[in-house]
Visitor: 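Attaching a single structure in structure tokens format; questions to follow.
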2 protein chains.
Amino acid sequence: MPSLSEENYLKAILFLSGQTQAAVSTNELAARLDAKAASVTEMLRRLSEKKWVEYRPYKGVYLSPAGQDLAAKVLRKHRLWETFLVEKLHFGWEEVHEVAEQLEHISSPKLTDRLSAFLGHPEYDPHGDPIPDPNGVFPKRPKRTLSEVPAGQKVLVQGVRDGDSDFLRYVRQLGIALGDELEVEAVQPFDQSQQVRHGERLLTLSAIAAANIYVL
Amino acid sequence: MPSLSEENYLKAILFLSGQTQAAVSTNELAARLDAKAASVTEMLRRLSEKKWVEYRPYKGVYLSPAGQDLAAKVLRKHRLWETFLVEKLHFGWEEVHEVAEQLEHISSPKLTDRLSAFLGHPEYDPHGDPIPDPNGVFPKRPKRTLSEVPAGQKVLVQGVRDGDSDFLRYVRQLGIALGDELEVEAVQPFDQSQQVRHGERLLTLSAIAAANIYVL
DNA sequence: CTTTATTTTTAGGCTTTCCTAATTTTATTG
DNA sequence: CAATAAAATTAGGAAAGCCTAAAAATAAAG
Ligand SMILES: [Mn+2]
Ligand SMILES: [Mn+2]
Ligand SMILES: [Mn+2]
Ligand SMILES: [Mn+2]
């Protein structure tokens with residue numbers, strides 16, 4: 001029922017409001033969607049008329065229950081398709097986002113169900129992001145970044161920030177994959193860069209890189 | 001580069017002009033696309049400006065080489081996705097067309113290539129329709145309908161007319177699948193209905209049904 | 001608590017894709 | 001070939017999305 005553009009707005013509001021469901025501002029949305037603020041205002045009025053968001057001019061916007069459901073369904077499709085592309089078609093994890101941005105708008109509940117089954121009902125996508133179930137419920141897992149881990153501790157790589165394909169290529173090049181064990185051997189007081197043991201090898205990660213790797 | 005709507009027009013022109021590449025009329029297109037003639041005229045002007053068709057007002061339209069290439073690519077995706085849905089996700093062959101109408105517009109040459117490889121580079125879709133190769137070349141196979149087969153002859157089922165899901169469901173219900181052997185035992189002079197042997201069983205097919213089954 | 005800066009909305013336009021109604025061109029036919 | 005019918009185009013308009021520029025509301029500073 002929502003148009004492609006409406007789906008993208010709902011997804012952006014879901015992303016920006018995070019788990020707190022905080023109100024999202026017009027400019028935040030404009031930045032995220034690479035659109036002008038005026039366009040956002042206009043769309044918010046439409047989404048509000050359709051009861052998918054609560055919108056108070058000048059105050060911000062958040063998703064209605066119906067909007068949350070729609071946004072979660074789109075995100076579910078996005079992440080299932082990313083999983084398909086990596087698992088079945090052997091795409092690199094840095095290549096899948098753009099294609100999934102298109103595939104997420106395909107409207108066929110049966111296709112989504114069958115795809116999920118075909119993939120073995122995965123709970124996490126190739127970047128470690130949770131895939132909501134058909135009812136929009138996310139599998140929950142506490143999220144800590146590698147940069148928060150003190151020296152001497154061992155952790156398991158659980159996810160990476162998607163959205164920057166340079167970073168994703170870099171991580172692959174390092175040889176780090178989801179599920180791998182890392183041990184933080186030292187943290188430089190100077191720049192917070194980390195010496196990390198990965199199997200036999202010792203890697204050096206900048207604080208920025210470490211902040212984009214999620215661990216358990 | 002072409003919009004979703006433009007792709008649908010190009011595909012319709014390809015379909016209606018057939019292998020003869022005959023000029024297609026405005027009304028034919030309007031009927032096929034379920035649009036009004038005025039809308040078609042407008043779009044043909046745009047497609048013509050973009051050099052994807054040759055359009056002579058009041059005379060008809062046909063595809064330029066560039067337009068043929070684009071239309072074949074869309075058709076290739078449509079048929080690859082139909083094959084995916086049937087072979088991998090176990091859809092019925094009567095269920096796949098609508099979903100493929102959406103999927104055919106996904107723009108990612110890499111995805112199309114990988115999908116084709118994943119499916120083993122099929123040459124025919126679930127309805128027996130030829131899948132053009134990446135250069136827009138169709139595998140050719142002479143097409144005869146079952147209704148043209150005289151009594152006493154044995155044939156192999158090669159395809160079925162897609163586009164009517166009632167018919168597709170009916171054929172499945174009969175137990176006839178692509179590749180099956182049929183022997184026409186008798187043709188009623190009265191209504192051209194056929195007595196057809198399919199393995200052990202003897203089926204009766206109306207002339208209309210027989211005209212929608214392609215054989216070799 | 002004004003003044004200034006920032007954020008947001010409004011006003012007015014543009015493109016794409018459709019539509020209906022009116023007009024024009026082409027085809028058919030007596 | 002003139003009259004009528006059918007097919008196609010033109011005219012004019014609507015909705016969705018998006019934009020720039022101007023105005024209004026809110027937030028931040030002095
Ligand atoms: Mn993604
Ligand atoms: Mn992802
Ligand atoms: Mn089809
Ligand atoms: Mn088909």
Side-chain angles (χ1 to χ4, degrees), chain A residues 1-17 22-63 66-67 70-71 74 101-102 104-107, chain B residues 1-17 22-63 66-67 70-71 74 101-102 104-107:
Chain A
M1 204 97 247
S3 72
L4 187 148
S5 204
E6 289 168 338
E7 288 192 338
N8 283 334
Y9 273 83
L10 293 173
K11 201 170 44 123
I13 297 167
L14 177 66
F15 176 84
L16 292 171
S17 60
V24 175
S25 77
T26 301
N27 270 358
E28 283 178 281
L29 275 168
R32 172 98 185 150
L33 292 162
D34 198 28
K36 294 301 145 80
S39 308
V40 174
T41 299
E42 194 183 19
M43 179 61 95
L44 292 183
R45 272 191 14 72
R46 270 202 301 277
L47 294 176
S48 177
E49 257 160 40
K50 297 185 175 178
K51 308 286 183 197
W52 292 329
V53 302
E54 285 301 333
Y55 170 52
R56 291 281 216 318
Y58 294 105
K59 304 293 239 111
V61 71
Y62 57 92
L63 294 174
L70 289 171
V74 176
E101 284 293 311
Q102 297 181 59
E104 71 189 2
H105 301 293
I106 302 293
S107 172
Chain B
M1 204 98 242
S3 71
L4 187 147
S5 203
E6 289 168 338
E7 289 192 337
N8 283 334
Y9 273 83
L10 294 173
K11 201 170 44 120
I13 297 167
L14 177 66
F15 176 84
L16 291 172
S17 60
V24 175
S25 76
T26 301
N27 271 357
E28 282 178 282
L29 275 168
R32 171 97 185 153
L33 292 161
D34 197 28
K36 293 302 145 84
S39 308
V40 173
T41 299
E42 195 183 19
M43 178 63 94
L44 292 183
R45 275 192 13 74
R46 272 202 302 276
L47 294 176
S48 177
E49 258 160 40
K50 297 186 176 179
K51 309 285 184 197
W52 293 328
V53 302
E54 286 301 333
Y55 170 51
R56 290 281 215 317
Y58 295 105
K59 303 296 237 91
V61 72
Y62 57 91
L63 294 174
L70 288 171
V74 176
E101 284 293 310
Q102 298 181 59
E104 71 189 2
H105 302 291
I106 302 292
S107 172

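As a basis for the values below, the full set of heavy atoms in this structure was taken, side chains included, without hydrogen atoms, waters or symmetry mates. Note on naming: letters A, B, ... go to the chains in the order of the sequence lines (proteins, then strands), and numbering restarts at 1 for each one.
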Visitor: Start with the C-alpha gap between A/Glu28 and A/Arg32, add the side-chain angles, then the distance that decides, and say whether salt bridge (Lys or Arg N to Asp or Glu O under 4.0 Å) holds.
Guide: CA-CA 6 Å; A/Glu28 283 178 281; A/Arg32 172 98 185 150; over 6 Å; no

Visitor: So which pairs with a foot in residues 1-16 of chain A pass salt bridge (charged side-chain N to carboxylate O under 4.0 Å, His left out), sequence neighbours left out?
Guide: A/Glu6-A/Lys50, A/Lys11-A/Glu101, A/Lys11-A/Glu104

Visitor: Can you tell me how far C1' of C/dT17 sits from NZ of B/Lys50, to the nearest Å?
Guide: 12 Å

Visitor: Compare the minimum distances between each of D/dT9, D/dA16, C/dC18 and the side chain of A/Arg46, then state the nucleotide with the smallest one.
Guide: D/dA16

Visitor: For the residue pair A/Tyr9 and A/Leu47, establish whether any side-chain heavy-atom pair is separated by less than 4.5 Å.
Guide: yes

Visitor: Please report the distance, rounded to the nearest Å, between OH in B/Tyr58 and C1' in D/dA6.
Guide: 12 Å

Visitor: Is there side-chain contact between A/Leu10 and A/Trp52, with at least one heavy-atom pair below 4.5 Å?
Guide: yes

Visitor: Assuming nearest nucleotide by heavy-atom distance, tell me which of A/Pro57 and A/Met43 is located more 5' along DNA chain D.
Guide: A/Met43

Visitor: How close or far is atom C1' of D/dA16 from atom CG of A/Asn8, stated in whole angstroms?
Guide: 14 Å

Visitor: Nearest whole Å is fine: how far is D/dA16 C1' from A/Leu44 CG?
Guide: 15 Å

Visitor: Could you say whether A/Glu6 or B/Arg45 is positioned toward the 5' end of DNA chain D, judged by the nucleotide with the nearest heavy atom to each?
Guide: B/Arg45

Visitor: Check A/Leu14, A/Val53, A/Leu29, A/Leu63 against A/Val24 for a side-chain contact (heavy atoms from CB on, under 4.5 Å) and give me the one that passes.
Guide: A/Leu29

Visitor: What residues from residues 24-40 of chain B pass a heavy-atom cutoff of under 4.0 Å to DNA chain D?
Guide: B/Ser25, B/Thr26, B/Asn27, B/Ala37, B/Ala38

Visitor: Could you state the atom-to-atom distance from CG of B/Leu47 to C1' of C/dC18 in whole Å?
Guide: 15 Å

Visitor: What is the separation between atom NZ on A/Lys59 and atom C1' on C/dT9, rounded to the nearest whole Å?
Guide: 16 Å

Visitor: Over how many whole Å does the gap from A/Arg56 atom CZ to D/dA25 atom P extend?
Guide: 18 Å

Visitor: Please tabulate, one pair per line, all N/O donor-acceptor pairs under 3.5 Å involving side-chain atoms of residues 34-43 of chain B, not counting sequence neighbours.
Guide:
residue	atom	partner	partner atom	Å
B/Thr41	OG1	B/Ala37	O	3.2

Visitor: Under 4.0 angstrom, heavy atoms only, what part of the nucleic acid is A/Ser5 near: base, sugar-phosphate, or nothing?
Guide: sugar-phosphate

Visitor: Without swapping roles, check the side chain of A/Glu54 against the backbone of A/Val61 for a donor-acceptor pair under 3.5 Å.
Guide: no

Visitor: Take atom CD of B/Glu42 and atom C1' of D/dA14, then tell me their distance rounded to the nearest Å.
Guide: 12 Å

